[in-house]
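Single-structure report; data block below.
Atoms within each ligand, like the ligands themselves, are counted from 1 in listed order. In what follows, every heavy atom counts, from backbone to side chain, and hydrogens, waters and symmetry copies are set aside. Predicted, not measured: the structure shown is a model, and the values here were computed from it.
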Amino acid sequence: MTFKRLARLLVASALFVSTAAFTISAQPKPGRDPNQPIDEEYTKKIREYTTEPFFNSPLTDYLPASPNVPTPKAVLGDVAGAPGKLPYAEEVYKYMRMLEKASPRVKVFSIGTTEEGREMIAVAIASESLLAKLDENRARLTKLADPRLINFDDAEADRLVDQSFPIYYITGTIHSSETGAPTALMELAYRLAVDESPYIKSIREGMVTLITPVVEVDGRNRMVDIYNWHLAHPKDNWPSLLYWGHYVAHDNNRDAMGLSLKLTRNIMKVYLDWKPQVLHDLHESVPYLYDNTIGDGPYNAWVDPILTDEWQMIGWKNVSEMTKFGMPGVFAHGNFDTWSPGYLMFIAATHNGISRLYETFGNGGADTLVRTLSENETSRTWFRQNPPLPRVKWSQRNNNNYEQTALLISLDYFNHESKLFLKNFYLKSKRSIEKPKNEGPAAYVFPGDDPRLGNRAALLRTLQAQGCEVQRATAPFTVSVKKKPSARGAAPRSTESSAVASASPTPSPKRDDTEPRTFPAGSYLVRMDQPYSRIADALLDYQYWSPRDPQQSVYDDTGWTFGESGNVQVVRVTDVKVLDAAMQPVSGDVLSTGGVNGSGSIFIINHNADNSLITLRYRLRKAAFESAEEPFEAAGRKFNRGSFIIRNASADEVNKATADLGVPALAVDQAPSVKTHAVKSARVAIMHTWLSTQDEGWWRMAFDKMGVPFDYISTQDIAKDSDLNKKYDVIVFGPGGGNSNAVIQGRPMYGNPLPWKKTDLTPNLGGFASTDDMRPGLGLTGLMNLQNFVKNGGVFIGSDDSADFAVSNGFTPGVSITRATRLKAIGDLLKTRMVDSRSPIAYGYGDTLSVYCFNGPIFNVSNVVGGGGGGGRRGGGGGQRATGRGTVDDPDVVQGRPPAEAVEPPPSSEVWEAAPITEEQRRNLIGLIPPALRPRVVLRYGNANELLVSGLLDGGDEIAQHAAVIDSPLERGHVVLFSNNPFWRGQTSGSYFLVFNAILNFDNLGAGRKVDEK
Ligand SMILES: [Zn+2]
């Protein structure tokens, strides 16, 4: 045990002892009320389906009877957690609405729909009198959540705390293969509504339990389909749950930063509206109950320490009480770091509430199975003194017992300490508002002169959806800001160190680290003296994860800085003077201003890599678009390379589209004289495998959001189509679909076919992707079809492992991949530099761009097929001479003969460039690639000392300076390779347009290319 761990254990146990000391008094004992009859039959079934008595508790080993309120059996036909019973979301809702009808203690709220139009609900359960006071309580909680409303009057806060009751929000089955929560929550709702035992009654009368029984509704219904298929085909292998939600699977629990999915938006809205004190998300991947919120370090650096103490208090209470019940395998801590704020539960953590998460144990369905655990799951560690058993029969009922028991313990504890937690809720809100004068910063400023106003507005809208207030400056203002690093990315410019005006910033960075900066009117500000400052700070700040952190198994992304990943300028300002700038709150969504200025029948639109530009292209499908191949001026304004020149469109049409999309357009009578090429609305296909679709789902989502139409086709479709060019101009293969071999081979062909299609038995499968058998892959025919597609003029786009697929299968002569040995770039942002700004892929971008990288492939380029002779700086030995006579600068001398004439060293090349062909190689170079077909590097990774933008980077020299984005011609077509992932979790909108440019310029990717004469 490290000292750190020991220290943490001591803190945790000390906390526990102290809280336990004051919870003993007047605590109702868990267990049934002997005066209330129980539902004998239901109780019998609970005991029958529980595989060992110690997998149950006095809280769940019976069900109270009610004369008028139906039990879950009314819908399930059996008890919650019964073998073979997995209800669809609609059945769960049906039951919750039956409860609502039968009991005045239950209210059901519709909270929105999913991508596929299915409903999401929240169920509130409390005594009639509490439910009658929901609105007045909400008014009080709103004041506690925003102490500005009571002028930070602590006495008033105490009065509000006294009068208020807390809201504990529980969310179930966000992960569709983790199936137990819906039935557990159905039964929990029943118990909370009906049970007259003092333990349950006091919860019901002291607080509101709010439940969303199914978070991922689309995925739940697909999971139930698969399970029903399995029940109908007991001897067969069943299809794996390839799609959960419409776009992503497990990553639906990584969306609390970008808020791209409807489920996250819906839960976020409930959170902002109800002001719950806890958001508690239920999962099932660890035996038997792991409270992972306590987790392990590093903890997120932007949350209030009051919160991290609350995690310990509630979590260890669970462990202790369940241990006393004799239930094995209940623990906290474990190896989940709590760094990323992307988890659904973290909505509460970053908004002054309490995030919680259980991992219970599940069988991925409702079969009762003998489960054998690995040694690392059953060993006794300091944080798991009562570990799970090595081999047991496990049932969904066991899971439901654990989930309900733990939740009831938490509800009881929270209820008992509700005044403490409500006061903490107020304190955390208050401390969030006090940020500017404590830890800082004072505000984040979005400069008015940012060239990418559309992407900036999109980022600000994400912050608004997070509940953040946004202001707009009505006049220019000047504040001290951190001095910009010099162009080379190293030390501050020494020439300016004396020129700092003394604005004496508080809290002050060192004086000579700052410089005054004037921001124009129209700049946006996110003030940190607002209740939800922490989420804005967490998203906009930079992240640093030390490679020497004790935590060496990183759980998820380490860096996300939203300004960088959105390619939007964001300035962190600690100077509190910024709060005095003249500004107005923005009401409604932040929008960029678009529409047509000037007059004439030709419209010019500056290319600034704002994502709305591709929407515009597809919106005005019939208009003729051209891209300028050089920068130009028109009507006294400067336009970037790539800017659109639009003809054959009505002024009304252009005005409407550009106004809607926030894209400024200039109407002129005469087109500028600049070299152009046509920008057609390319016919796009997104290809997926039947192995994994999670990562490409984020690509699909971005295409849908930006209105880029595409056909969604599988590797199997490609295998059947020998003339892909007839249908498509561009085929996009997002990352994550499997390694190259698996993409080609598919799944093993042993056993039975694995259908993924809509049938009476599986009404929720198929639809947007369908097959009779998920097993076959691309095959060699498919590979040939794909390659011919490129050779005949098509464009293939790959990223990360799908780029590797193209390289490994001969699509990219001249590109090779070096396998990393030390590189650790764990989901972070890295700096890239522009190499060829004339490439259409680069249109709209500047000299540098931060990109998302997860140990991306290390590309080398060469002028020779197979990559031989690639990657510069060969043979130099780092500039050191070989061993021999003389000093370090002297030549060696061979003894006994005259010195040989020195040969001109081969011209050196940069790491991202192909090495020049030597005279020796040229003699009979069969593999020499004709100059026009050589790989063209568009972006390269930054130098080692500037590479890391945000997150964890170790061994960065392995990938530093290597090509990051390559356009590799193949006969008449092109393969565009990304080492980064341009579409990641809705967070990387700054790099979307690299792909969009490749699509828009699919038949002119060679534009602006300077071809090597040799
Ligand atoms: Zn999960």
| Checking only N/O/S atoms, does Glu359 have one that is under 2.8 Å from the Zn ion (ligand 1)? | no
| Is the distance between the ring centroids of Trp984 and Phe854 under 6.0 Å? | no
| task | Kindly say whether Ile226 contributes a backbone atom to a donor-acceptor pair with the side chain of His230 at under 3.5 angstrom? | result | no
| message | Restricting to N, O or S atoms, which atom of His283 is closest to the Zn ion (ligand 1)? | response | ND1
| said: Can you confirm whether or not the ring centre of Phe421 sits under 6.0 Å from the ring centre of Phe414? | reply: yes
| said: Could you identify the N, O or S atom of His175 positioned closest to the Zn ion (ligand 1)? | reply: ND1
| Between Trp698 and Tyr852, does the ring centroid distance fall short of 6.0 Å? | no
